[in-house]
Amino acid sequence: MVSVSRFPPDPDRVEEIFARLARVMPEPKTELNFTNPFTLVSAVALSAQATDVGVNKATTALFAVADTPQKMAALGVEGLTPYIASIGLYRNKAKNLIAMSQILIERHGGEVPLNRADLQALPGVGRKTASVVLNELGIEPAIAVDTHVFRVSHRLGLANANTPDKVEAQLHQVVPEHWLPKAHHWLILHGRYTCVARRPKCEACVISDLCPARPDLMAARA
DNA sequence: ATCCCGAGGG
DNA sequence: CCCTCTGGAT
């Protein structure tokens with residue numbers, strides 16, 4: 001077993017990877033439905049270990065009824081649960097979303113605080129969710145490391161660490177500044193539609209020739 | 001390290 | 001059937 005170290009990657013290769021992703025996806029954005037910072041945080045929190053398609057299915061009805069902390073808090077856990085019961089981990093999420101709404105009302109004037117410390121202090125909001133919100137709203141460029149970013153980064157040799165936090169740090173070292181704001185979306189979307197977990201669609205991949213994990217290389221290595 | 005936890009795809 | 005999906009709290 002020849003152990004080829006993929007990390008750190010060659011800067012020119014990294015530049016070319018993002019240049020091509022930029023060509024294929026010029027204006028990447030989240031596929032979660034939201035109308036304001038509150039529905040954004042809510043949707044992202046609900047998306048933990050769930051597909052955004054499934055989350056959107058639930059939030060379409062939910063946000064029509066509750067798109068503010070006040071309305072959400074008024075629903076209560078009992079009122080909220082039916083809307084999100086189709087989403088995984090829904091009991092925790094219901095409890096967190098109601099508690100979050102109450103805190104927003106009591107401590108933040110009914111507004112979503114747009115800084116990392118206050119966001120991560122909210123129930124159900126960790127580093128990953130906060131990063132998505134801050135990046136999506138243009139507050140600060142952040143790379144939220146979810147299952148897609150983790151997998152794609154490893155395959156491309158953009159990271160080799162074994163935890164999301166370490167992978168995030170490696171990506172900040174490796175990804176050029178000018179690609180940073182959109183890098184998160186590109187890695188996600190590439191992972192969701194092309195570099196999928198089970199049978200990556202390398203035939204349809206625009207960066208397969210730049211990928212250390214592409215099938216021919218893996219075969220040659222074995 | 002472990003729990004939470006449903007839908008969709010293969 | 002098993003795996004995956006924009007994790008967080010304990």
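These values consider heavy atoms only, across backbone and side chains, with no hydrogens, waters or symmetry-generated copies. Within every chain, numbering begins at 1; the chains are lettered A, B, ... in the order of the sequence lines, protein sequences first and strands thereafter.
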Visitor: Classify A:K93 by what it touches in the nucleic acid, base, sugar-phosphate, or nothing, heavy-atom distance under 4.0 Å.
Guide: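 Result for A:K93 = nothing.
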Visitor: Under the rule for side chain to side chain donor-acceptor pair (under 3.5 Å), what residues qualify as partners of A:Q102, not counting sequence neighbours?
Guide: none
Visitor: Is a side-chain N or O of A:T68 found less than 3.5 angstrom from the main chain of A:K71, in a donor-acceptor match?
Guide: yes
Visitor: When we call it a touch if two heavy atoms are under 4.0 Å apart, what does A:G126 touch: a base, just sugar-phosphate, or nothing?
Guide: sugar-phosphate
Visitor: If you take any heavy atom closer than 4.0 Å to DNA chain C, which residues from residues 188-199 of chain A end up in contact?
Guide: A:I188, A:R192, A:A197, A:R198
Visitor: Please tabulate, one pair per line, each protein N/O and nucleotide N/O from nucleotides 1-4 of chain B that are separated by under 3.5 Å, including the distance.
Guide:
none

Visitor: Can you give the donor-acceptor pairs under 3.5 Å from side chains of residues 159-167 of chain A to other protein atoms, not counting sequence neighbours?
Guide:
{"unit_1": "A:N160", "atom_1": "OD1", "unit_2": "A:Q170", "atom_2": "NE2", "d": "2.7"}
{"unit_1": "A:T163", "atom_1": "OG1", "unit_2": "A:K166", "atom_2": "N", "d": "3.3"}

Visitor: Show me the pairs that pass ring pair (Phe, Tyr, Trp, His ring centres under 6.0 Å) and involve residues 34-77 of chain A, at least two apart or across chains.
Guide: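 For residues 34-77 of chain A, and leaving out neighbouring residues, there are no ring pair (Phe, Tyr, Trp, His ring centres under 6.0 Å) pairs at all.
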Visitor: Check every strand shown and say whether A:T30 touches a base, only sugar-phosphate, or nothing at a heavy-atom separation below 4.0 Å.
Guide: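 If one applies the 4.0 Å heavy-atom cut-off, A:T30 turns out to touch a base.
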Visitor: Under a 3.5 Å threshold, yes or no: a donor from one side chain and an acceptor from the other, between A:H184 and A:E168?
Guide: no
Visitor: Using the heavy-atom set of chain A and a strict 4.0 Å cut-off, write down the first and last nucleotide of DNA chain C that makes it in, 5' to 3'.
Guide: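 Footprint of chain A along DNA chain C, 5' to 3': C:dC2 to C:dA9.
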Visitor: Restricting to side chain to side chain donor-acceptor pair (under 3.5 Å), what partner residues turn up for A:R20, sequence neighbours left out?
Guide: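 Side chain to side chain donor-acceptor pair (under 3.5 Å) check on A:R20 returns A:E16, A:D209.
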Visitor: Holding to side chain to side chain donor-acceptor pair (under 3.5 Å), I want the full list of residues that pass it with A:Q49, two or more places apart in sequence or in another chain.
Guide: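 Per chain and number, A:Q49 pairs via side chain to side chain donor-acceptor pair (under 3.5 Å) with no residue.
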Visitor: Grab the NZ-C1' distance between A:K57 and B:dG8 for me, whole Å please.
Guide: 8 Å
Visitor: So what does A:L122 hit on the nucleic acid, given a heavy-atom distance under 4.0 Å: a base, only sugar-phosphate, or nothing?
Guide: sugar-phosphate
Visitor: For DNA chain C, which residues of residues 147-172 of chain A approach it to below 4.0 angstrom with any heavy atom?
Guide: A:T147, A:H148, A:R151
Visitor: For DNA chain C, which residues in residues 40-52 of chain A have a heavy atom at a distance below 4.0 Å?
Guide: A:S47, A:A48, A:Q49, A:A50, A:T51, A:D52
Visitor: Taking salt bridge (Lys or Arg N to Asp or Glu O under 4.0 Å) as the test, write out the residues that go with A:E31, two or more places apart.
Guide: A:R192
Visitor: Between C:dT6 and B:dC3, how many Å separate the two P atoms, rounded to a whole number?
Guide: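 Nearest-Å result for C:dT6 against B:dC3 at atom P: 24 Å.
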Visitor: Does the plane of the ring in A:W179 sit parallel, tilted or perpendicular to the ring in A:F18? Use 30° and 60° as the thresholds.
Guide: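 Aromatic pair A:W179/A:F18 classed parallel.
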Visitor: Return all side-chain donor-acceptor pairs below 3.5 angstrom for residues 128-147 of chain A, not counting sequence neighbours, or 'none' if the list is empty.
Guide:
{"unit_1": "A:S131", "atom_1": "OG", "unit_2": "A:R116", "atom_2": "NH1", "d": "3.3"}
{"unit_1": "A:S131", "atom_1": "OG", "unit_2": "A:R116", "atom_2": "NH2", "d": "2.9"}
{"unit_1": "A:S131", "atom_1": "OG", "unit_2": "A:R127", "atom_2": "O", "d": "3.0"}
{"unit_1": "A:N135", "atom_1": "OD1", "unit_2": "A:A142", "atom_2": "N", "d": "3.1"}
{"unit_1": "A:N135", "atom_1": "ND2", "unit_2": "A:P181", "atom_2": "O", "d": "3.3"}
{"unit_1": "A:E136", "atom_1": "OE1", "unit_2": "A:H185", "atom_2": "NE2", "d": "3.0"}
{"unit_1": "A:D146", "atom_1": "OD1", "unit_2": "A:H148", "atom_2": "N", "d": "2.7"}
{"unit_1": "A:D146", "atom_1": "OD1", "unit_2": "A:V149", "atom_2": "N", "d": "2.9"}

